[in-house]
Every structure is written in C-alpha cells, then in structure tokens.
Amino acid sequence: MAARALLRALSRRPLHFSTATISRSASTLILAEHENGSIKAQTLSAVVAAKSLSEENSVSLLLAGSGRSLKEAAKHAASCHPSVLIADSDKFEYPIAEPWAKLVQMVQQSGGYSHIVSASSSFGKSILPRAAALLDVSPITDVIEISGSSQFVRPIYAGNALCAVRYTGANPCMLSIRSTSFPVPPSSADSKSNEAPISEVDLSTLDEDYLGKTRYVGHTSQDVERPDLGSARIVVTGGRGLKSAENFKMIEKLAEKLGAAVGATRAAVDAGFVPNDLQVGQTGKIVAPELYLAFGVSGAIQHIAGMRDSKVIVAVNKDADAPIFQVADYGLVGDLFEVIPELTEKLPEKK
C-alpha cells in the first residue's frame, strides 16, 4: 500500500533533472583574443575545445574592441566557421577585465549559452572569474581534456595528478582551457569561402559603473622577430644557472639560430635576467613545443608543470642529480658556458 501511494504521488509530481543529466542542445560562447587584426592561436584552440563538447554544438566567438583592428579580427574569426559577435566601442579598446566581464554577462543573458570558454591565458584568467561571479556560477579552470558536455579533466598538485570534474550547476558552464592540450589542425584551403555571419552586440544597456575601476596605463613589447612563446615549435629556456642578464644573451643568440622562442624559469625572472612575460611554469606560461631545450634549469616542480607536455625535452646542467633530468628525453651533464657557445657556433644559420 505504501509503495503504491508513493508511486501515485510521484506520478502527479513533476520531475526535475540536473542540468548535467538533461540539457538542450549545447551552445558555446568563446571569449576571443585578438591583436593587430588577427585572432590569437589560443582562441583557435578554444574553438577546437568547444567543438568537442557536443556533436551538435553551435559555437560563437565574442570579440570586443574598436575601429579597424576589430573589424579585421572579426573577418579573420569568421573564417574559423562559428558565428561571430562583436562589441564595437572605445570602452573595449583595451582588454580590461571589468568591462569585459560585464559584457559577457550581458551577452549570456540575451543568448542563454550552455557553455562559455576561454583560453587559460592572462586574458582569460582575468575575465572568466569576474564574469562567473556576475553570473553566480563556479568556473572550471585549466581544462586539458573534455569527456562530455559536463565532464572535464584538469591538472592538480602542479600537474602531478589529474582530477576528473563533473559540472552539475546551472548554465552556463564556464571553462578555461589549456591551449597546448587542444592543438589547432591546419587550416583548410576553402576556409575563406565559408565565412560565418558577423553580428553586433547591443551596448545600450552597458553599465558605466563597471568601466572606471581599472585604468589602462600602457603596453610594451620587445621589438624582436621571434616566435610567440605560447605557440612556438622550439623553445630555448634559461635558468638561474646563467647567473646574469648578460649571460642570458647566450640563450637569445641560440634561439635566433634555431628560429625558437625564448623562455625562462621563475628564478631567472625574479633575478631580473629577463622580463616576466618569458616565464615558463605553473605561474607563467604553459608550453608544449616539439622541442624544449633547458639550460641551467634545475627542474623545480613549478617549472616542470609548465613544460612537461613538450614532445622532446633536452636538458643541460652541471648537476647530474638535477630533477630536470627525470623528465628529460635527452640530458647532458656539462658546463653550459661551454656547451651553449659551441652549440651556437656549430648550428647553421636559420633560413
């Protein structure tokens, strides 16, 4: 009797399911980074990640900025095949987190996306938590594998363990992805013939209170023709063993010969050898090049977390017990002040 009464009660009561169990078809908003009229490689990796969320996932790129650079970037984004949304305003001339977070909230409220994705870059790390707070959801950061629309894998303990995460909260599910885990396939020859539509975001209701808390001061960059550290095929990294900024120039000369990007450990950055935008590691940039050369790098766990996914790792250190040799494919115990000049001299000039 009790069982039949319970069944009758349940049959009259509407059933509620978790968004992780049943959801409408996936739709994803990607926070796009652009510079000088081009979409950055990290954003293209986010597109690859978004496409693995669901077979019937509609993907939209959100770009913000002003003027000609934004329009050129939007045209470039349209060749990636999702739809493109642009927020054209002087308020977004620089990628400041507060107005961007408010923009994401506005677009989400009108578009009702199931997922919001960004790369785990400085850009994404600044905006995603603020936007998540405005939308009252918990973001999942540094995702390296997507097993479904609500199941993800991310590293913990400086990359020494992997954690499987199931999202059961309300929409949107907000993710930052590690771009090195989602490589971009070569562009198809006819990508420009299938350009996606470009739509403008209505900014009439944008709250001015979110626009004055942070002030843009300036932007500096090194005037060198060198590959970007985050997407380079070869990375040459120097550590504290180089002892000075003057000695670090040996790394730069070797990188020029190889056509490689230059990286540094946190110890080298803290010592003032190079600027912090060259730092590789858990609190720096995550890289996964085809070849990673480490000179005078001890192999602290923080640094290894940022380069352990490299295809081939070569280490040179005078300390035979340095932890870097435990992850290196090839190792040489020697004096880097002898090894680097000899290697630079014998390498042919880059064509």
Side-chain angles (χ1 to χ4, degrees), residues 28-51 59-108 111 113 115-128 130-131 174-180 182-187 191-192 194-203 206 211 214 216-223 225-232 261 277 285-286:
T28 302
L29 180 70
I30 295 176
L31 311 187
E33 298 179 65
H34 63 94
E35 188 175 26
N36 298 325
S38 295
I39 299 298
K40 290 191 174 182
Q42 298 98 312
T43 296
L44 299 180
S45 293
V47 173
V48 174
K51 289 179 178 178
V59 181
S60 300
L61 261 70
L62 175 62
L63 290 84
S66 64
R68 181 178 176 182
S69 177
L70 174 65
K71 289 179 172 57
E72 289 178 355
K75 209 170 181 182
H76 181 211
S79 67
C80 300
H81 302 299
S83 64
V84 177
L85 303 174
I86 61 170
D88 192 348
S89 171
D90 291 340
K91 302 178 180 71
F92 301 106
E93 184 177 359
Y94 308 109
I96 298 175
E98 282 83 358
W100 250 99
K102 185 61 180 177
L103 173 65
V104 173
Q105 183 193 27
M106 286 175 51
V107 173
Q108 170 59 26
Y113 296 93
H115 296 77
I116 297 178
V117 179
S118 75
S120 287
S121 57
S122 299
F123 173 85
K125 289 176 180 178
S126 297
I127 296 168
L128 203 72
R130 289 174 169 86
M174 303 187 73
L175 311 171
S176 67
I177 60 100
R178 188 174 286 189
S179 57
T180 55
F182 299 92
V184 180
S187 301
S191 60
K192 291 186 179 180
N194 297 317
E195 291 188 352
I198 300 175
S199 306
E200 287 204 28
V201 178
D202 181 9
L203 301 176
L206 187 65
L211 306 179
T214 304
Y216 177 82
V217 176
H219 174 76
T220 58
S221 62
Q222 293 182 323
D223 188 18
E225 294 182 3
R226 205 181 283 148
D228 178 69
L229 179 58
S231 57
D277 62 327
K285 292 185 177 177
I286 308 295

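None of the values given here were measured: they were computed from a predicted structure. Just so you know, residue 1 is the first one in the sequence shown, and it goes up from there. In what follows, every heavy atom counts, from backbone to side chain, and hydrogens, waters and symmetry copies are set aside.
- Proximity of Ile116 to Leu62: side-chain heavy atoms (C-beta onward) are nowhere separated by under 4.5 Å.
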Next on the checklist: Go through it in stages, so that I can follow the logic: the residues are Leu229 and Asp277, the test is side-chain contact (heavy atoms from CB on, under 4.5 Å), and I'd like the CA-CA distance, side-chain angles, deciding distance and then a yes or no.
Outcome noted: CA-CA 9 Å; Leu229 179 58; Asp277 62 327; over 6 Å; no

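- Here CG of Leu63 is found 4.5 Å from CD1 of Ile39. Values are rounded to the nearest 0.5 Å.
- Leu203 places a side-chain heavy atom less than 4.5 Å from the side chain of Leu103.
- Summarising the geometry, atom NZ belonging to Lys40 is positioned 13.0 Å from atom OG belonging to Ser45; distances are rounded to the nearest 0.5 Å.
- Counting heavy atoms of neighbouring residues, nucleotides and ligands inside a 6.0 Å radius, atom NZ of Lys75 does not exceed 12 of them.
- Taken from CG in Leu70 to OG in Ser89, the straight-line distance is 10.0 Å, to the nearest 0.5 Å.
- Rounding to the nearest 0.5 angstrom, the gap separating the CG atom in Asp88 from the CD atom in Glu93 is 11.0 Å.
- Applying side chain to side chain contact (heavy atoms under 4.5 Å, CB included) to Thr28 and the options Val117, Leu175, Leu61 leaves one that passes, Val117.
- Legend: residues meeting side chain to side chain donor-acceptor pair (under 3.5 Å) with Gln42, ordered by chain and number and at least two apart, are absent.
- The heavy-atom pair separating Ala261 from Pro227 by the smallest distance is CB-O, 3.5 Å.
- The two residues Ile177 and Ala49 come nearest to each other via the heavy atoms CG2-CB, 4.0 Å.
- Here Phe123 pairs with Leu31, Glu33, Pro95, Trp100, Ser121, Ile127 under the side chain to side chain contact (heavy atoms under 4.5 Å, CB included) rule; sequence neighbours left out.
- Smallest separation of non-hydrogen atoms from Ser120 and Ser176: OG-OG, 3.1 Å.
- Considering CD1 of Ile30 and CG of Leu85, their distance stands at 11.0 Å, rounded to 0.5 Å.
- In this structure, the side chain of His34 engages the main chain of Ala64 through a donor-acceptor pair within 3.5 Å.
- One distance of note links NZ of Lys71 with CD1 of Ile198; it measures 10.0 Å at 0.5 Å rounding.
- Between Ala50 and Val59, the shortest heavy-atom contact is CB-CG2, 4.1 Å.
- No donor-acceptor distance shorter than 3.5 angstrom exists from the side chain of Ser83 to the backbone of Pro197, with no hydrogens or angles considered.
- Within the 3.5 Å criterion, the main-chain N or O of Tyr113 finds a donor-acceptor partner in the side chain of Gln108.
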